[in-house]
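Down below is the structure, laid out as structure tokens.
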Amino acid sequence: MRIRVQRAIEEAFREAVADGVFPDIPIPASHQVVFPKQEAFGDFASNLGLVLASRARRSPRDLANYLAQRLGANPLFDKVEVAGPGFLNLSIASIWWQKNLYTMWEAGDSYGNSDVGSGRRVQVEFVSANPTGPLHVGHGRGAAVGDSLARVLKAAGFDIEKEYYINDVGNQMKTLGSSVYLRYLEHFGREVAFPENYYQGDYIRDIALDIASKEGDRYLDVPLESCLNFFIDTAVKSISYGIHKDLREFGVHFDNWFSEKILHESGLLDRTISELQDKGYIYEENGALWFRTSDLGDEKDRVVRRSNGIFTYFASDIAYHRHKLERGYDLLVDIWGADHHGYVPRVKAAIKAQGYPEDRLRVLLVQLVNLMEGGRPAAMSTRAGEFVTLREVLDDVGRDAARFMFLTRRCDSHLDFDLELAKSQSQENPVYYVQYAHARISSVFRKAKDEGISPAEPSHIDVSLLSTPEEINLLKQLDLFPRLVADSALALEPYRISYYLTELAGQLHAYYNRHRFVSSDPDLTQARLLLAEVTRRVLRKGLGLLGVSAPERL
RNA sequence: GGGCGAUUAGCUCAGUUGGAUAGAGCGUUGGCCUCCGAAGCCAAAGGUCGGGCGUUCGAAUCGCCCAUCGCCCA
């Protein structure tokens, strides 16, 4: 609708130019058609008079008055006013909102989709937790954000791939294997000193136990060096299985699982570093290889290969991003924990050094999750290895509540996740507020069916009967949906969907309390059922973008 | 010590990218079920947008300085 308003204003402007009243200049870029905060100011407001004033050497109000006269003749508007210093306040005639309902209906389940992405390829990489332990709540938030973002981008016409990067190389793998090995020895009654920096969690014992029951004591007297790989492989397999399972139940699916090992085994890592060396980005100091990231926006240079000949994680990340870039995506989105924010400049530096524009990569930082219980910090042991897992949260509050909670805040703000609140099927829980609106509409249709009413063909329905303020409000809110999805995709901010849905649900509830969908007036009932159906679809679609279900009953 | 981010109602947070009188939810207070689900609705109270200076027709939003908190790096 905003686009139509914009066109109408531009047309009026051109007419004014043709009349010689306005100077023949292009409309300044600072011209905006906005939604006014106050309802009394109409549906849209334009600042054209204000931004034109200095060039036209006339007062803003004069210019606005002239435009208002022209626009007043346009049937799109039923009221055009000049206000304040020279704003144009425009009210859309109800019939345009009402007729819009046909368009929304015809779009069916694709209502809300757009083509602002025009098929550009975007890769979203998220979670990417090391296979050294189960996913915890923080990963859950990253998973919800990444998956929902992918859904939103897809709806906005982008071509999406979701990827999980597996750090399955390096010291942590040795630590993992050794941890399991020690627990294995322990199981058979050996005295072991379990180092503090080893993985402490109970899942390590479980894996050791599993090995003991399958393989017996055959590794009991084998020195660690000769069986480490076996313990690593077994542990990684077991933990990865758990990660897959948790993600599946969380409703998150990845297109690719990319193993860091491949970077080493394929030689891409060596090749990438030596090419950077050829380009002069690498120098040697104290036996280590350094990357001149400080020339490319980072605050200092970074080590890519230590003096002991081992590549750093940063080196792997350079090669990994090169691999991604060469796959030809138009945009890479990385979703990281906010504690990695210091990492952004160096990865961007690596991208520039390889000849790509740095904005080819966008990094979303997901802040920590504070677990709460009834308003107080959840009792969590700070002992190493004990943390709340995604699995526990899933079992405790369920998928819908968890996903919605993770998406009610912008991702770079701290999130207080209250387990009791998420569990409570009550008014305080925003998930139910939205799902309830959907269930209520479904209940209306059940009622209609009981009364023997079946929805008519939209073309036979008189939408002009939808004239109460609540109905017009609902129609306006529904009209915003495709634009909202598009904006939320472009800004990479899926949380906007949850705000929108809460608002829409609120309007539905307000309407529901005031008016009856099914009444003794058959024409009015048909019109309202059409409105109800479109609202229901938007709720369902929006919840779907968040990965939350839209039940017919709660 | 340097860097990044935050600071908006008692609490948790939005604020459509510079617009008019600052917005929700929770909590508090008071009302609404003979009728499609009260898991809901309506109303009231609650604010120096951390502080200061600047940019301009106009600032919660942009710039600089300061304060407090969080994270990262030595």
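Chain identifiers are assigned alphabetically (A, B, ...) following the order of the sequence lines, protein sequences preceding nucleic acid strands; residue numbering begins at 1 within each chain. Model, not experiment: these values are computed from the prediction.
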Please list residues of residues 484-505 of chain A whose heavy atoms come under 4.0 Å from any atom in RNA chain B, ordered by number; otherwise none.
Y495(A), R496(A), Y499(A)

Could you state the CZ-P distance from R409(A) to G25(B), rounded to the nearest angstrom?
14 Å

Quick one: does Y511(A)'s side chain get under 4.5 Å of R528(A)'s, heavy atoms only?
yes

Taking R537(A) for the side chain and A532(A) for the main chain, is one N or O donor matched with an acceptor at less than 3.5 Å?
no

Without decimals, in angstroms, what is the distance between R483(A) CZ and U16(B) P?
13 Å

Which residue lies more 5' along RNA chain B, comparing V444(A) with A45(A) via nearest heavy atoms
A45(A)

Let me know the distance between CG of L407(A) and P of U12(B), rounded to the nearest Å.
21 Å

What's the separation between atom CZ in R151(A) and atom CG in D147(A), rounded to the nearest 0.5 Å?
4.5 Å

Could you give the CD-to-P distance, from Q435(A) to G40(B), as a whole number of Å?
13 Å

Let me know the distance between NZ of K348(A) and C1' of C4(B), rounded to the nearest Å.
14 Å

When you check every protein heavy atom under 4.0 Å of nucleotides 69-74 of chain B, what one-letter string (B, S, -) results, 5' to 3'?
-SBSSS

Near RNA chain B, which residues from residues 506-525 of chain A have a heavy atom under 4.0 Å away?
H509(A), A510(A), Y512(A), N513(A), H515(A), R516(A), F517(A), V518(A)

Does N513(A) reach the main-chain N or O of H509(A) with its side chain, forming a donor-acceptor pair under 3.5 Å?
yes

Parallel under 30°, tilted from 30 to 60°, perpendicular over 60°: which one fits the rings of W336(A) and H321(A)?
perpendicular

Length of the CZ-C1' vector between R553(A) and C36(B), whole Å:
13 Å

Mark yes or no for whether S519(A), through its side chain, and R516(A), through its backbone, hold a donor-acceptor pair below 3.5 Å.
no

Without decimals, in angstroms, what is the distance between M405(A) CE and C26(B) P?
13 Å

What residues form a ring pair (Phe, Tyr, Trp, His ring centres under 6.0 Å) with Y320(A), not counting sequence neighbours?
Y165(A), F258(A)

What stem regions, each of at least 3 consecutive Watson-Crick or G-U pairs below 3.5 Å, can be found for RNA chain B?
B:1-7 with B:67-73, B:10-13 with B:23-26, B:28-32 with B:40-44, B:50-54 with B:62-66

Assess, by modelled atom type and distance only, whether the side chains of R496(A) and Y500(A) contain a donor and an acceptor separated by less than 3.5 Å.
no

Write down the distance between OH (Y433(A)) and C1' (C13(B)), rounded to a whole number of angstrom.
16 Å

CA sep, side-chain torsions, deciding dist, call: R362(A), D334(A), side-chain contact (heavy atoms from CB on, under 4.5 Å):
CA-CA 6 Å; R362(A) 285 181 65 183; D334(A) 283 10; over 6 Å; no

Please tabulate, one pair per line, all N/O donor-acceptor pairs under 3.5 Å involving side-chain atoms of residues 287-295 of chain A, not counting sequence neighbours.
unit_1  : atom_1 : unit_2  : atom_2 : d
W290(A) : NE1    : E285(A) : O      : 3.4
R292(A) : NE     : G280(A) : O      : 3.4
T293(A) : OG1    : D298(A) : OD2    : 3.4
T293(A) : OG1    : K300(A) : O      : 2.8
S294(A) : OG     : D301(A) : OD1    : 2.6

Examine A38(B): is either OP1 or OP2 under 4.0 Å from a nitrogen or oxygen in the side chain of R440(A)? Give yes or no.
yes

